[in-house]
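Working notes, beginning with the structure itself.
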Amino acid sequence: LMENSLKEKIQEQEKIQMLFALGKAHESNGDYTKSFEFYEKGNWMQRKIVDYNAQENANNIDSIIDFFEKNKKNIDFNSGYETNDPIFILGLPRAGSTLLEQILSSHSRIEGTQELHNIMTIGRRIKSLDDSDNYLNNLLDLDSESIKMYGKMFIDETKWARNDKDFFIDKMPNNFPHIGLIKMILPNAKIIDARRNPMDGCFSCFKQYFAKGQHFTYDLDDIARYYKDYERLMGFWNNYFPKSIHTVLYENVINNPEEEVRKMLDYLELPFEESCMNFYKSARPVKTASSEQVRQPIYKSALNYWKNFEDDLTVLSKHFNE
């Protein structure tokens, strides 16, 4: 039925969504070749609409690294707003962040919220202090009062998303380029990097039609380059802020859930609670693409799932098996 309606005159966005849905339908039936054809068509149509340039993204990452490297002595990391409330889960979309959020928000002292846009909004406010290309250079002009004010602004402006628990999670994956800003304005914030092996992670992005944003996900070469830039930047942040970012590999969570949960809670300085292992019983609403997965116990079928599509993923495997 759906394939027939593709022949009718329908709006471009509807057609793209239908192609993704057909990709999913054939995938569910185990017809991976046919599934990939539809995913590829849907992605190609969407790629032509979005404005994204992989080289531009790489340059942005370079400029972040360059700025923080050069200005280590000039940046004030001591004036931020002193609060332990926020926990940032970041990384690439489809890398297990919803699973981590669901596990942690099953703890009696941690609240899951949603993907909050506040850090990026604060970045835009700092950028608008003059008309520069990004906010980086303006960071040097912030006095200690302003730095503290932006940290407090984050806490105040996210109150609507919270109830009364001690800690809350912001799981906006795209916060990873802003770790330097986070550490300036919220020095005690905890940061968890949700990571997945590149083949599964990148392919999972390619299969997903995102309601908005994530413009890098509609071309396999773009995704691979984005992943490498992310990895490069996270390597830089981990050296820059030693021992203050906790990396969680999705594969480890699937293979040794309790061990990984205990490590995360140790990093958050919280006691282990059995409820974290029964996260799938939680009734809290989940709004991301993984909402169905986190309603069931941990399953291993997603590990090395990309191999079902191996012949069609040479663009990716070339990047990661060099």
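Bear in mind the structure is a predicted one, so any value in this text is a computation, not a measurement. Residue indices begin at 1 and follow the sequence shown. Quick note: numbers below take in every heavy atom, side chains included, and nothing from hydrogens, waters or symmetry partners.
- Here the side chain of Asn175 pairs no donor or acceptor atom with the backbone of His178 at under 3.5 angstrom.
- Of the charged side-chain nitrogens involved, none lies within less than 4.0 Å of a carboxylate oxygen, so that Lys263 and Asp266 do not count as a salt-bridged pair.
- Atoms CG and NZ, from Asn57 and Lys228 in turn, are 13.5 Å apart once rounded to the nearest 0.5 Å.
- In this structure, Asp62 and Arg232 have side chains that are in contact, with non-hydrogen atoms separated by less than 4.5 Å.
- Shown here is Lys70, whose NZ atom has no more than 12 heavy atoms of other residues, nucleotides or ligands within 6.0 Å.
- Nearest heavy-atom pair, Ser108 versus Glu273, reported as atom, atom and distance to 0.1 Å: OG-OE2, 2.6 Å.
- Not a single donor-acceptor pair under 3.5 Å links the side chain of Lys15 to the backbone N or O of Met45.
- Checking each of Leu104, Asp170, Leu99 against Ile89 for a side chain to side chain contact (heavy atoms under 4.5 Å, CB included) leaves exactly one that passes, namely Leu104.
- Around CG of Asn29, the count of heavy atoms belonging to other residues, nucleotides or ligands within 6.0 Å exceeds 12.
- Just one residue in the list Leu181, Ile179, Ile185, Leu186 forms a side chain to side chain contact (heavy atoms under 4.5 Å, CB included) with Lys183, and that residue is Ile179.
- Taking hydrophobic clusters as Ile, Leu, Val, Met, Phe, Trp and Tyr residues chained together by side-chain heavy-atom distances below 4.5 Å, Val50 does not share a cluster with Trp44.
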Task: Verdict with supporting geometry, Lys300 and Asn255, side chain to side chain contact (heavy atoms under 4.5 Å, CB included) - done: CA-CA 8 Å; Lys300 295 194 175 185; Asn255 288 321; 3.6 Å; yes
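- A donor-acceptor distance shorter than 3.5 angstrom exists from the side chain of Glu111 to the backbone of Asn163, with no hydrogens or angles considered.
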- [ ] Start with the C-alpha distance between Phe206 and Leu313, add both sets of side-chain angles, then the distance that settles side chain to side chain contact (heavy atoms under 4.5 Å, CB included), and finish with yes or no.
- [x] CA-CA 11 Å; Phe206 188 71; Leu313 296 178; 5.6 Å; no
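- Applying the side chain to side chain contact (heavy atoms under 4.5 Å, CB included) test between Ser35 and each of Glu27, Glu40, Lys207 identifies Glu27 as the sole match.
- Exactly one of Phe20, Phe38, Tyr32 qualifies for a ring pair (Phe, Tyr, Trp, His ring centres under 6.0 Å) with His26. That residue is Phe38.
- Between Tyr226 and Tyr52, the ring-plane angle classifies as tilted under the 30° and 60° cut-offs.
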Open item on the list: Could you go through Asp222 and Arg225, starting from their C-alpha distance and side-chain angles, then the distance that decides it, and tell me whether this counts as salt bridge (charged side-chain N to carboxylate O under 4.0 Å, His left out)?
Closed with: CA-CA 5 Å; Asp222 283 346; Arg225 291 175 67 181; 5.4 Å; no
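- Between Val248 and Glu260, some side-chain heavy-atom pair lies under the 4.5 Å cut-off.
- The pair Glu269-Lys190 meets the salt-bridge criterion, since a charged nitrogen lies less than 4.0 angstrom from a carboxylate oxygen.
- Annotation for Tyr240 and Asn71: closest pair OH-C, 4.4 Å, computed over non-hydrogen atoms.
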Open item on the list: One pair to check against side chain to side chain contact (heavy atoms under 4.5 Å, CB included): Phe67 and Tyr135. What are the steps and the verdict?
Closed with: CA-CA 11 Å; Phe67 172 83; Tyr135 63 72; over 6 Å; no
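- Residues Glu56 and Asn60 have side chains that never bring a donor and an acceptor to within less than 3.5 angstrom of each other.
- Between Glu157 and Arg125, at least one side-chain N (NZ, or NE/NH1/NH2) sits under 4.0 Å from a carboxylate O, which counts as a salt bridge.
- A distance-only check finds a donor-acceptor pair linking the side chain of Tyr39 to the backbone of Lys24 [under 3.5 Å].
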Open item on the list: Could you go through Met199 and Glu310, starting from their C-alpha distance and side-chain angles, then the distance that decides it, and tell me whether this counts as side chain to side chain contact (heavy atoms under 4.5 Å, CB included)?
Closed with: CA-CA 10 Å; Met199 291 300 293; Glu310 191 160 8; over 6 Å; no
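- Ring pair Tyr227/Tyr230 is perpendicular by interplanar angle, where above 60° counts as perpendicular and below 30° as parallel.
- The aromatic ring centres of Trp237 and Phe68 sit less than 6.0 Å apart.
- Clustering ILVMFWY residues whenever any of their side-chain heavy atoms sit less than 4.5 angstrom apart, transitively, puts Leu142 in the very cluster that holds Phe77.
- More than 12 heavy atoms of other residues, nucleotides or ligands sit less than 6.0 Å from atom CD of Gln55.
- Leu139 is not listed as a side-chain neighbour of Ile75, based on a closest heavy-atom distance of 4.5 Å or more.
- Residue pairs satisfying the ring-ring contact (aromatic ring centres under 6.0 Å, His included) criterion with at least one member in residues 83-112, sequence neighbours excluded, are listed as follows: Phe88-Phe154.
- Contact annotation: the side chain of Ile182 never approaches that of Met184 to less than 4.5 Å [non-hydrogen atoms, C-beta and beyond].
- If you chain together hydrophobic residues whose side chains sit under 4.5 Å apart, Phe36 and Ile16 fall into the same group.
- Val253 and Leu249 are members of different hydrophobic clusters when ILVMFWY side chains are connected at heavy-atom separations under 4.5 Å.
- Asp130 is linked by a side chain to side chain contact (heavy atoms under 4.5 Å, CB included) to Ser132, Asn138, counting only residues two or more places apart in sequence or in another chain.
- In this structure, CZ on Arg47 lies 12.0 Å from CG on Leu220, to the nearest 0.5 angstrom.
- Residues Gln214 and Pro173 form a side-chain contact, since some pair of their non-hydrogen atoms from C-beta on lies under 4.5 Å apart.
- Between Arg124 and Met120 there is a side-chain heavy-atom pair separated by less than 4.5 Å.
- The side-chain heavy atoms of Gln13 and Ile49, taken from C-beta on, include a pair separated by under 4.5 Å.
- Smallest separation of non-hydrogen atoms from Tyr81 and Lys148: CB-O, 3.7 Å.
- Residue Asp200 holds its CG atom at 9.5 Å from NZ of Lys307, rounded to the nearest 0.5 Å.
- Looking only at side-chain heavy atoms (C-beta outward), Asn278 and Ser106 stay at 4.5 Å or farther from each other.
- With values rounded to the nearest 0.5 angstrom, Leu92 atom CG is found 14.5 Å from Tyr250 atom OH.
- Qualifying side chain to side chain contact (heavy atoms under 4.5 Å, CB included) partners for Asn134, counting only residues two or more places apart in sequence or in other chains: Ser63, Leu136.
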